[in-house]
Amino acid sequence: MLTADRIIVPLDVPTFAAAIALVETLPDVSFWKVGLELFVSSGPEILAELKQRQKRIFLDLKFHDIPNTVAGACRSAAQYDVDLLTIHATAGRRALQDAQAALSEATEPPKLIAITLLTSLSSRDLAFDLKVPVELPQFTLEMALMAKECGLAGAVCSPHEAKQIKQLCGQDFLLVCPGVRPHTISVTGDQKRTMTPADAIKSGADYLVIGRPITAAEDPVAAFARICEELGT
Ligand SMILES: O=c1ccn([C@@H]2O[C@H](COP(=O)(O)O)[C@@H](O)[C@H]2O)c(=O)[nH]1
């Protein structure tokens, strides 16, 4: 796989038209992420459009509900022919198992990956706000391991946790890492656990999710090209 194909760019825009404009601005991006903002505003039409343009799709709806509900949502999502789909690991073991089982009924199911801990959360947030009495790396490791035990294909984590998760869950366990910021960008925004693209790949990330450093850049094409260059494509 070309290194450029390991970069997933989120379509974090409010309308179908804005999404298409971004896709057309960045013709070399092969993997797009559709998240809550766009899906809630535009519905599944954007998925069909991306498929028609031969793009791969990460449907990042981050399901988090009781087992019966997430299983139903996964069954519905399976009809869209997307490549990746997310669920929060904290929905629990039974929800992960039932979601995976529901997807397995489909002919070509998307890979289900579990959010271990949002990259916008720090150790402090985990301890003081969420009251989780476990160190952050250990928590993400436990969430990833539970996802693996439930038959999921991989996890979403920050690049900081990637190496240890690969060691524990195996090289085949897919790791998708947001919270990626090129060294030229000092502003991390709402992301608390960040790393540069090159270091994230070295740490074991299979895919990098890179949004604003590309999409909000003055020249998104140049920003994407610079990252690909940094990664050595
Ligand atoms: O833990 C997570 C899970 C998902 N995301 C998503 O990734 C992108 C990151 O965008 P940036 O602009 O590069 O910050 C965004 O769509 C999030 O919903 C995440 O950041 N962290």
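Quick caveat: nothing in here was measured; it's all calculated off a predicted structure. For ligands, and for the atoms within them, numbers begin at 1 and follow the listed sequence.
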For ligand 1, is there an N or O atom under 3.5 Å from any N or O atom of G211?
-> yes
Under the 3.5 angstrom rule, does the side chain of S104 hit a backbone N or O of Q100 as a donor-acceptor pair?
-> yes
Could you please spell out the steps behind the side chain to side chain contact (heavy atoms under 4.5 Å, CB included) verdict for F224 and T25?
-> CA-CA 11 Å; F224 180 68; T25 299; over 6 Å; no
Not counting sequence neighbours, which residues clear ring pair (Phe, Tyr, Trp, His ring centres under 6.0 Å) with F31? List them please.
-> Y207
Nearest to atom 17 (C) of ligand 1, what protein heavy atom do you find, and at what distance?
-> K33 NZ, 3.9 Å
Would you mind running through ligand 1 and noting each atom that sits below 4.0 Å from a heavy atom of R212?
-> 11 (P), 12 (O), 13 (O), 14 (O)
Report the part of D12 in contact with ligand 1, treating N, CA, C, O as backbone and CB onward as side chain, heavy atoms under 4.0 Å; options are side chain, backbone, both, neither.
-> side chain
To which protein heavy atom is atom 20 (O) of ligand 1 closest, and what is the distance rounded to 0.1 Å?
-> Q191 NE2, 2.7 Å
Partner residues of P213 under the side chain to side chain contact (heavy atoms under 4.5 Å, CB included) criterion, sequence neighbours left out = R181, P182, I185, I210
Between D190 and S120, do the side chains contain an N or O donor and an N or O acceptor separated by less than 3.5 Å?
-> no
Ignoring angles and geometry beyond distance, decide whether D190 reaches within less than 3.5 Å of ligand 1 through its nitrogen or oxygen atoms.
-> no
The closest protein heavy-atom partner of atom 21 (N) of ligand 1 is T119 OG1, 2.7 Å
Protein heavy-atom partner closest to atom 11 (P) of ligand 1 - residue, atom, separation in Å | R181 NH2, 3.5 Å
Does S122 use its side chain to pair, donor to acceptor, with the backbone of K192 at less than 3.5 Å?
-> no
Ligand 1 to P178, heavy atom cutoff 4.0 Å, flagged ligand atoms 2 (C), 3 (C), 4 (C), 5 (N), 7 (O), 19 (C), 20 (O), 21 (N)
